[in-house]
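Report on the structure given below.
Convention: sequence-line order gives letters A, B, ...; per-chain numbering from 1. Remember, predicted model here, so these are calculated numbers, not experimental data.
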Amino acid sequence: MPLMPSPITTRYAPSPTGRMHLGNARTALFNYLLAKAQGGRFVLRVEDTDLERGSEAFLESQLADLRWLGLDWEAGPGKEDERGPYRQSARGGLYEDHYRRLVGTGSTYPCYCSATELEVSRRTQLAAGQPPRYAGTCRELNAIERARHEAAGRRPTLRFRVPPGRRVAFDDLVRGPQEVSTEEIGDFVVRRADGVPVFFFCNALDDALMGVTHVLRGEDHLTNTPRQLLLLEALGLAPPAYGHLPMLLGADGAPLSKRRGSASVGDLRAAGYLPAAVTNYLLRLGHAGAPDDWVDPAAQSGAFRLDRVGRAPAHFDEVQLQHWQREAVKRLDPAALEAWLAPALPDSLGARERGLLGATVSHNVVFPCDALPWVEVLFGELPPLPDDLAQVVERAGPGFFRAALAALEATGPDLAALAREVRQRTGRKGAELFMPLRIALTGRGDGPELGPLLGALPPSTLRHRLAVHAGGRD
RNA sequence: GCUCCCAUCGUCUAGAGGCCCAGGACACAGCCCUCUCAAGGCUGGUACGAGGGUUCGAAUCCCUCUGGGAGCGCCA
């Protein structure tokens, strides 16, 4: 009998210190898909211990981005369960308990070095060609020395005592076996002097406490991993499996930063990109498991293959994103299309008009604002024709438009019937027949198919626009 | 500075020694289809960063270089 696959738990752990950019979004997506692919859970944990830099507004915007992308969490903010709370700012008691355990096992020691002292030490090491690591000044302080520092009013940080002469090994989910010597790791701070826990500590501890089994995160965390493994080991907790995703670079090859507007999820949304377009694009950035064609969001977890995640950094390419955007727009149903278009349309536009507009331009727009010119074409006034188009109309001549008017009376706004009728009356066909009609009716030489346009234009407008060119002699 | 990671068309990538004078997708160009644009179909150009090895044979293995990235924080 096959074993029941053990349900996995993945997480995304945003820090509300800025807006979500595409790199974050991909990390969230991959974690989400990994969980879904195996019938597991995806949880969200807010890493908001850094009170100074974080803000509630950033948190809200990130949660909104996640929901917009369709990455809903089984547990997290707004969905608390027995593993919570899911905001680190509410987990102080848990952290205190575990600090006590660390102190109790002698895994840590108070460090009284000041920021300036540490900075000087770092510079000295750098100048000597050494990697800057904590020198161990406070590692073996005795009670008297500690008391002296305390008496001087120094508040200590808590440092983790990295065991010397060991190798820390782990199997990276995307990079394979990794191994480092503890000699390469300096004793690191686990609690700041003001009592605030640091990232290494809460991040690793919370993953263990929340039952997270798999963590996909940016490659920038790769060298953190041995520290976190050591920490969890000292705490007697089982670590998750870690996988490190290559970084996402901008088109210029520089890392994506929060200052790059184009890389922010919120900006993409504001520009009119659809979430399914973004996830289809992201699904292929540094991941070769997806097929070449569109993958519906519901099917994306099935297309995600952990063993097809690459190790080389990938570049953000807006042209490629736009390709998926076109694919996404094509697949919008009428109601979704209308909702998507709405923000770009004038408030005065009625519900009926919005429906007609959507049905007409759906294959000709990439962003909602692309529909705006067609509002005027369909329901407004036409500007004077540019010369080249005016010539086409003139060549057709007033007689053509008189025939078209008559045909319209006879057939109504049905393109096939109308075209047949006009052909009979004028002998014209093909572009000779359709282009003058298109230009007279829309004022442009390009655009959606004529059939839907005929149906969308009010009958009085149809007659009027043909009549404008029907005067005069042939 | 030190440590680690990465390296195939412009971009995303396939490729785990002969199946590759390198395949696909996007973009680009041309043609077809067509009332236009788009879509669709077909065709085309463009890549193994450089240099050394190993091998009968290397995009694939090894070394050096170059280029890029990450880490070395009382940031996350």
Side-chain angles (χ1 to χ4, degrees), chain A residues 13-18 47-50 52-54 88 111 113-115 118-119 122-123 125-134 155-159 172 175 178 180-181 184-186 188-200 202-203 217-225 227 244 246-247 249 251 253-255 281 283-293 308 310-324 326-327 330 361-366 389 392 415 419 429-439 442 444-451 453:
Chain A
S15 166
T17 53
E47 309 222 320
D48 57 351
T49 55
D50 185 11
E52 278 107 68
R53 294 202 304 157
Q88 291 187 330
C111 170
C113 298
S114 71
L118 293 171
E119 184 55 30
R122 250 193 300 278
R123 290 215 187 136
Q125 294 178 79
L126 239 21
Q130 297 294 313
R133 292 200 194 102
Y134 181 61
R155 313 280 336 133
T157 62
L158 199 60
R159 263 185 207 275
D172 191 284
R175 293 170 173 266
Q178 309 283 316
V180 284
S181 161
E184 288 169 27
I185 307 172
F188 54 93
V189 171
V190 292
R191 187 180 61 201
R192 308 199 315 206
D194 59 7
V196 175
V198 305
F199 163 80
F200 285 124
C202 340
N203 180 267
R217 46 165 28 171
E219 184 196 300
D220 47 341
H221 292 286
L222 183 61
T223 53
N224 291 339
T225 310
R227 283 168 243 265
H244 293 90
M247 299 275 98
L249 273 25
Y281 176 57
L283 184 61
R284 295 163 171 91
L285 261 190
H287 172 245
D292 282 337
D293 44 2
R308 310 261 47 194
R311 286 134 308 231
H315 298 77
F316 170 65
D317 178 15
E318 187 157 13
V319 173
Q320 239 157 128
L321 211 207
Q322 282 192 19
H323 166 254
W324 295 113
R326 276 186 214 100
E327 295 294 312
K330 270 202 283 197
V361 304
S362 64
H363 290 307
N364 293 71
V365 294
V366 178
L389 298 186
V392 176
L415 183 67
K429 57 181 178 155
E432 293 273 282
L433 165 64
F434 289 99
M435 278 315 281
L437 283 178
R438 166 179 294 281
I439 292 167
T442 69
R444 334 184 7 165
D446 63 347
E449 295 191 6
L450 254 187
L453 278 168

message: Output the rounded distance in Å from CG (A:Leu415) to P (B:rC35).
response: 10 Å

Output a table of nitrogen or oxygen pairs between the protein and nucleotides 41-50 of chain B separated by less than 3.5 Å.
none

query: Is the shortest side-chain N/O distance from A:Arg326 to OP1 or OP2 of B:rA27 below 4.0 Å?
result: yes

query: Nearest to the side chain of A:Ala312, which nucleotide is it out of B:rC6, B:rG71, B:rG1?
result: B:rC6

message: So A:Gln178, base contact, sugar-phosphate only, or nothing? Heavy-atom distance under 4.0 Å.
response: nothing

message: If I take atom CD from residue A:Gln88 and atom CG from residue A:Asp48, how far apart are they, to the nearest 0.5 angstrom?
response: 6.5 Å

task: Would you state whether a donor and an acceptor, one from the side chain of A:Asp317 and one from the base of B:rC12, lie under 3.5 Å apart?
output: no

statement: Using Watson-Crick geometry (N1-N3 plus N6-O4 or O6-N4) or G-U wobble (N1-O2, O6-N3), each under 3.5 Å, B:rC74 is paired with none

- prompt: Are A:His221 and the base of B:rG71 stacked, counting only ring centres nearer than 5.5 Å and planes tilted under 30°?
  reply: no

query: For B:rG10, what is the paired nucleotide under Watson-Crick or G-U wobble rules, both distances under 3.5 Å?
result: B:rC26

task: For B:rA76, take OP1 and OP2 only and decide whether either is under 4.0 Å from a side-chain N or O of A:Arg192.
output: yes

- request: Whole angstrom is fine here: how far is it from CG in A:Leu283 over to P in B:rU13?
  value: 12 Å

message: So, OP1 or OP2 of B:rC37: does either fall under 4.0 Å of a side-chain N or O from A:Arg438?
response: no

Strand partner of B:rC21, provided both Watson-Crick or wobble distances fall under 3.5 Å: none

message: So, does A:Arg122 get its side chain near the phosphate of B:rC74, meaning an N or O under 4.0 Å from OP1 or OP2?
response: yes

query: Whole-Å distance between B:rU11 P and A:His323 NE2?
result: 18 Å

- prompt: Between atom CZ in A:Arg308 and atom P in B:rG24, what is the gap in whole Å?
  reply: 17 Å

- prompt: Any donor-acceptor pair under 3.5 Å between the side chain of A:Gln320 and the base of B:rU11?
  reply: yes

- prompt: Starting at CD of A:Glu184 and ending at C1' of B:rC5, how long is that distance when rounded to a whole Å?
  reply: 14 Å

message: Can you tell me if A:His363 touches the phosphate of B:rC37, counting only side-chain N or O atoms and a distance under 4.0 Å to OP1 or OP2?
response: no

- prompt: Among B:rG73, B:rC74, B:rC26, which nucleotide sits nearest the side chain of A:Pro132?
  reply: B:rG73

